[in-house]
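Notes follow the structure.
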Amino acid sequence: MTSIALFNNKGGVGKTTLTYHLAHMIRRLGMSVLAVDLDPQANLTSMCLDETEIEDLWENPSELINQGAAKAGLPGTGRVRSGQTIADAVRPILEGTGDIAAVEPVELQPGLWLLPGSLDLSRFEDKLSNEWSRAYAGDIAAIRTSTAFHRIIEQATWTVGADVVLIDVGPNLGAINRAALISADTVLMPLAADLFSLKGLSNLGPTLRQWRADWQQLVLPRVPANISAPRAEMRPLGYVIMQPEMRLDRPVKAYERWFKRIPWVYSSAVLDEAEPTREDNRHRIATMRNYRSLMPLAHDARKPMFDLRPADGALGSTQQYVKTCFKEFQTLSREVLARIGEPLDEACLTAPTDRR
């Protein structure tokens, strides 16, 4: 299993949309996938599940859910159960009543699972922040807290037998993201070609290196053998440029200016290379066009953009756009898998027109 955290501390770059579509396409390429929503905004969860399912997940106890659903005339979907989010998994630690609780991932389709998020996860921020420095001294409770996400993901991965884990995190450098990222083998960075993304890269690179060094040198040697702890490798996998919707007040020249600076900033800030070059595009995995016109249709149909059909409203020339979307995400997913060293099962790949 290889875990990939999708992260940029600048928001609004399409990170969650990218996570959602990568998860579905990598599954189409024959790999089993576990998507993990560690963003307290729970945007990935809202893309994967409908409102009734999310209500079932977030409400507790289950008796209240059943009563409420019955009164509203809403039948249960059968896919989700209450008390099965990341926030529920860490609640015993947060409340001081025990270690992580077991949670069962939601099966979105055969071979694709979601470990749902919750807005309640934000309550874990202060706990993680306070326990980080105590973990340096080998405090067992602090180590259990700091490794909670790693152990939850590890447990869920064993349960479903996932080949690839995609971790969606929020756009900040706070304690929740620190605990999430040290749990990741690799980090994939979605970017926009603008000043804010480049500034985010400048902050992100040194921060990841500091977190890695602190964990590996100060905490990991003090972790007891009976506690599973991450290696905090956080290997930079590369970046994906998400093209914006061009506006009249944002000329193409402005986009090209920042686009050309990305390789140099990534190499110097993230990879800490002594002599980076502006022409080094080895770390750019893909440049994805803007598919904003397909997003409303995909949201209403509750499926990836590249799976939209005429019955979903993707009519006429839009179907050609859907096929282009499929090819781009197929190429992107192949490259991501190649970079993490995962083999492909070619027989499992189908074109969008082949799906029933």
Side-chain angles (χ1 to χ4, degrees), residues 1-6 19-20 22-39 42 44-45 48-49 57 78-94 97-118 121 124 128 140 143-169 176 179-188 215 219-220 223-235 237 333 336-337 340-345 348:
M1 180 275 294
T2 301
S3 57
I4 306 170
L6 287 89
T19 306
Y20 176 83
L22 270 177
H24 282 81
M25 182 56 75
I26 290 175
R27 174 58 198 140
R28 295 281 288 278
L29 287 166
M31 312 294 289
S32 57
V33 181
L34 173 66
V36 181
D37 192 351
L38 288 180
D39 183 350
L44 181 61
T45 300
C48 294
L49 304 174
L57 280 170
R79 288 204 299 178
V80 304
R81 296 186 299 163
S82 63
Q84 296 293 312
T85 71
I86 293 286
D88 296 305
V90 300
R91 183 169 287 116
I93 293 179
L94 184 60
T97 59
D99 200 0
I100 58 170
V103 294
E104 181 179 338
V106 177
E107 185 177 30
L108 303 177
Q109 59 180 250
L112 176 59
W113 297 269
L114 169 71
L115 203 50
S118 169
L121 184 61
F124 200 43
L128 285 168
I140 300 300
I143 290 173
R144 289 189 183 278
T145 299
S146 300
T147 60
F149 289 156
H150 163 76
R151 292 182 291 123
I152 293 166
I153 294 170
E154 183 179 65
Q155 187 178 76
T157 302
W158 287 343
T159 299
V160 302
D163 300 313
V164 178
V165 176
L166 298 179
I167 306 172
D168 188 36
V169 297
I176 285 179
L181 286 162
I182 65 170
S183 304
D185 300 317
T186 61
V187 181
L188 173 62
W215 184 261
V219 181
L220 202 54
V223 177
N226 64 333
I227 299 178
S228 177
R231 300 293 305 173
E233 293 180 355
M234 296 183 285
R235 177 171 61 88
L237 200 61
S333 299
V336 168
L337 290 174
I340 64 174
E342 290 286 354
L344 292 178
D345 183 355
C348 293

First locate atom CD1 of I167, then atom CG of L44, and finally report the distance between them rounded to the nearest 0.5 Å. 11.5 Å
If you take all heavy atoms of [X] and [Y], which pair is closest and at what distance?
{"X": "L337", "Y": "M31", "answer": "CD1-CG, 4.0 Å"}
{"X": "L128", "Y": "F149", "answer": "CD1-CE1, 4.0 Å"}
{"X": "S146", "Y": "I182", "answer": "O-CD1, 4.0 Å"}
{"X": "L188", "Y": "I4", "answer": "CB-CG2, 3.8 Å"}

Listed by chain and number, what are the side chain to side chain contact (heavy atoms under 4.5 Å, CB included) partners of [X], not counting sequence neighbours?
{"X": "L94", "answer": "R123, F124, K127"}
{"X": "T159", "answer": "none"}
{"X": "A42", "answer": "D37, T45, W58, L119"}

For R144, what residues pass the side chain to side chain donor-acceptor pair (under 3.5 Å) criterion, not counting sequence neighbours? D99
With S32 via side chain to side chain donor-acceptor pair (under 3.5 Å) - residues at least two apart: D163
Hey, is the main chain of D185 close enough, under 3.5 Å, to the side chain of S3 for a donor-acceptor pair? yes
Residue set satisfying salt bridge (charged side-chain N to carboxylate O under 4.0 Å, His left out) with E233, at least two apart, ordered chain then number -> none
